[in-house]
Engineer: 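Here's a structure for you.
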Amino acid sequence: MNYRLPTTYINKSVTPTPADASDIVTYTITYRNTSTTAHGYDYAFTDIMPAGVVYNPGSLTGSVAFSGTESDFFTGSGIIIDRLVPNSSS
């Protein structure tokens, strides 16, 4: 029996860099599945905001289907990315 596993990478970036205390910053989290054959399912993501950063409610968006709420993302239970097809990123 052969098993196909996804090959995933995660990157987090912030703009602008550097930022001053009153600046609005954008965090971008990109994940990739570089496998050419295996789908990835049920990825759980959480993030801890740095001290002094205030979240702008309603600004969490995704380019693929996910379940969970903004609160879930920042409090530890996480949001779940349902599926990432082979050779794609989001």
Side-chain angles (χ1 to χ4, degrees):
M1 180 178 282
N2 292 325
Y3 292 96
R4 297 180 189 150
L5 299 174
T7 305
T8 56
Y9 299 92
I10 300 171
N11 183 60
K12 179 180 173 182
S13 62
V14 61
T15 56
T17 302
D20 292 324
S22 61
D23 288 347
I24 295 175
V25 298
T26 300
Y27 286 95
T28 302
I29 300 172
T30 304
Y31 64 97
R32 298 180 52 201
N33 177 5
T34 60
S35 169
T36 57
T37 57
H39 290 253
Y41 295 94
D42 300 328
Y43 294 99
F45 290 94
T46 60
D47 198 11
I48 305 299
M49 301 299 284
V53 172
V54 177
Y55 174 69
N56 181 11
S59 65
L60 177 65
T61 61
S63 61
V64 295
F66 66 89
S67 55
T69 65
E70 293 174 343
S71 178
D72 295 335
F73 186 63
F74 298 113
T75 61
S77 56
I79 59 171
I80 306 297
I81 305 300
D82 300 326
R83 181 173 73 127
L84 187 61
V85 299
N87 240 356
S88 66
S89 64
S90 181

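For this chain, numbers begin at 1 and follow the sequence in order. Bear in mind that the values here come from a model prediction, so they are computed numbers and not experimental data.
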Engineer: Could you report the tightest heavy-atom contact between Lys12 and Ile29, atom names first, then the distance?
Structural biologist: CG-CG1, 4.1 Å
Engineer: Out of curiosity, Asp82 CG to His39 NE2, how far, rounded to the nearest 0.5 Å?
Structural biologist: 14.0 Å
Engineer: State, yes or no, whether a side-chain contact exists between Ser88 and Arg32 at a heavy-atom distance under 4.5 Å.
Structural biologist: no
Engineer: Just wondering, do Ser13 and Thr28 contact through their side chains at under 4.5 Å, heavy atoms?
Structural biologist: yes
Engineer: Work out which heavy atom in Ser35 is nearest to a heavy atom in Pro6; give both atom names and the distance.
Structural biologist: CB-CA, 3.9 Å
Engineer: What residues form a side chain to side chain contact (heavy atoms under 4.5 Å, CB included) with Ile24, not counting sequence neighbours?
Structural biologist: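 With sequence neighbours excluded, Ile24 shows a side chain to side chain contact (heavy atoms under 4.5 Å, CB included) to no residue whatsoever.
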Engineer: Nearest 0.5 angstrom please: Ile81 CD1 to Tyr41 OH, how far?
Structural biologist: 14.5 Å
Engineer: Which atoms form the tightest heavy-atom contact between Asn33 and Ala38, and what is the distance?
Structural biologist: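 Looking at all heavy atoms of both residues, the closest pair is ND2-O, 2.7 Å.
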Engineer: How far does OH of Tyr27 sit from OG1 of Thr15, to the nearest 0.5 angstrom?
Structural biologist: 10.0 Å
Engineer: Please answer: with hydrophobic residues joined when any side-chain heavy atoms are less than 4.5 Å apart, are Ile10 and Tyr43 in the same cluster?
Structural biologist: yes
Engineer: Kindly write out the residues that satisfy ring-ring contact (aromatic ring centres under 6.0 Å, His included) with Tyr55, not counting sequence neighbours, or none if the list is empty.
Structural biologist: Phe74
Engineer: State the CG-OG1 distance between Asn87 and Thr34, to the nearest 0.5 angstrom.
Structural biologist: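 OG1 of Thr34 is found 7.5 Å from CG of Asn87.
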Engineer: Decide whether Ile80 and Val85 are clustered together by the hydrophobic rule: side chain heavy atoms of Ile, Leu, Val, Met, Phe, Trp, Tyr closer than 4.5 Å, transitively.
Structural biologist: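 Each belongs to a different hydrophobic cluster.
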